[in-house]
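Heads up, the thing below is written out as structure tokens.
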Amino acid sequence: MGGLQQRTGLGRTTISQALNGQVVPSETTLVALAKALGTDVEPLLALREAAVRIRQVQDSSGEAAHGRPISDWDPLDLEVHPAAPTPSTAPARAHSLSGLPSYVHRPHDEDLARYVAAAANGSSQMAVLIGSSSTGKTRACWEAIQPLAANGWRLWHPFDPTRAEAALADIHQLGPRTVVWLNEAQHYLGAGRGFGERLAAALATLLSDPSRGPVLVLGTLWPEHADRYMAIPHPGQADPHAQVRTLIANRRISVPDKFDAAAIAAAQALADAGDQQLAAALERAPDGNLTQDLAGGPELLHRYHTAQPAARAVLQAAMDARRLGAGVRLPLAFLEGAAEDYLTDIEYDALPDDWFEEALADLARPVHGNLAPLRRIRTRNQRRALGVKSPVSTNQKRGPVYRLRVVP
């Protein structure tokens, strides 16, 4: 079992349930197991579809329930970010779930697992993961709820017509053993016209009513949103987030931006076992920002393929410079001069006078994980003894320099 865990990146419970037939496994599980065992995944997926249809017929004969069985969900439909495929994994993306790299457990996963275990034992729970863009919050929630699938839990992802409206419309009809999925919870708890406060009150009522439980409410927030909801107003000022503040105050889990040494070691072990996506991310992000690199990769590729002629020319110049050994620091003057040669005469004649400045601004716009295709390198202030003049660096003499973000 341990070897299969390492080769698939799946949890022991997930593998056991799939092999024992206790639950209809997700497509993610089937693809990972088939790859590890060297067998054809297509017959397994066909069997899974038949099992899902049987379950749907069985469900239709009982009481109406919101959401779908957890194993029926594609994590990409729950806003788990896909990762850029490596050349060897690209053909497997005919099934979207196979695009997810192996999962690396970190300390916040242990905290989240305690909430899930309490819910599985019959106590309604809520947890909100707080972390910056693309730090792995949504994927952590997805991995955490997999043990609940064996017990028949469903997942409800209110979304239409708006997230807050959908949640408020049906939250009073939720049944037991339901995961309430509030990814990007600011769209729910921060909704205007009083929707956010009303939903926070409804969630508090749901969580405190034993007759409606157990339920598990999972949310994710960026720190700036959480800080806004937790801010206590001055006396006499309006308190627009009083209900939300009370709801999430003791239910927050912090997700760090970077992998610590233990997580990097675990990722390296999975990479050594054959996960090429993790291996590539470890090479591109030696600072520990693995989740940002994995989440931002597809968007960076999309930005390149859809770039306007001027921006694409600057990128192509930077890419060729890197291939030819120019190094990480690409001078501004070099990029401007080189980019012109990547434009056709028709493209060049149609450019505005400030085409290069516009291209740089476009390429500096961030994607997931605060990554950007091309970004200016800021010069750090050098510490020096009092009274000693700081010499002007070579970089300052040459002008600004830029760094290309490398993607697969």
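The main-chain N or O of Val116 is never found under 3.5 Å from a side-chain atom of Gln125 such that the two would form a donor-acceptor pair. A donor-acceptor pair under 3.5 Å is formed between the side chain of Thr220 and the backbone N or O of Glu184. Proximity of a side-chain donor or acceptor of Glu347 to a complementary backbone N or O of Ala310 within less than 3.5 Å is not detected. Without hydrogens or angle criteria, Asp362 side chain to Glu358 main chain gives no donor-acceptor distance under 3.5 Å. Judged by distance alone, with hydrogens and angles left aside, the side-chain atoms of Thr39 form no donor-acceptor pair with the main-chain N or O of Ala34 at under 3.5 Å. In this structure, Arg177 contributes its side chain and Asn151 its backbone to a donor-acceptor pair below 3.5 Å. No donor-acceptor pair closer than 3.5 Å links the side chain of Thr135 to the backbone N or O of Asp257. Side chain of Asp354 to backbone of Glu357: no donor-acceptor contact under 3.5 angstrom is found. Not a single donor-acceptor pair under 3.5 Å links the side chain of Lys137 to the backbone N or O of Gly219. Between the side chain of Arg154 and the main chain of Gly67, a donor-acceptor pair closer than 3.5 Å is present.
His157 and Trp73 have perpendicular rings, their planes meeting at more than 60° on a 0 to 90° scale where under 30° would count as parallel. Ring geometry for Tyr229 versus His225: interplanar angle under 30°, hence parallel rather than tilted (30 to 60°).
For Arg212, the CZ atom sits in a packed shell: over 12 heavy atoms of surrounding residues, nucleotides or ligands are nearer than 6.0 Å. Residue Asp77 places its CG atom among more than 12 non-hydrogen atoms of other residues, nucleotides or ligands, all under 6.0 Å distant. Enclosure of atom CG in Asp349 by more than 12 non-hydrogen atoms of other residues, nucleotides or ligands within 6.0 angstrom is indicated.
You'll find the side chain of Leu182 reaches within 4.5 Å of the side chain of Pro158, heavy atoms only. Glu79 places a side-chain heavy atom less than 4.5 Å from the side chain of Phe159. Between Phe356 and Leu335, some side-chain heavy-atom pair lies under the 4.5 Å cut-off. Using a 4.5 Å cut-off on side-chain heavy atoms (C-beta onward), Gln186 and Trp222 make no contact. Trp181 places a side-chain heavy atom less than 4.5 Å from the side chain of Ile145.
There is a side-chain donor-acceptor pair under 3.5 Å between Gln268 and Asp272.
Distance check, rounded to the nearest 0.5 Å: CG of Leu351 to CG of Leu343 gives 5.5 Å.
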Taking it one step at a time, do Glu143 and Arg139 satisfy salt bridge (Lys or Arg N to Asp or Glu O under 4.0 Å)?
CA-CA 6 Å; Glu143 297 295 332; Arg139 178 76 187 274; 2.8 Å; yes
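Ion pairing between a basic and an acidic side chain is recognised when a charged N comes within 4.0 Å of a carboxylate O; Arg323 and Asp320 show such pairing.
Pairing each heavy atom of Glu336 with each of Trp355, the nearest pair is O-CH2, 4.2 Å. Pairing each heavy atom of Arg163 with each of His187, the nearest pair is CD-CB, 3.7 Å.
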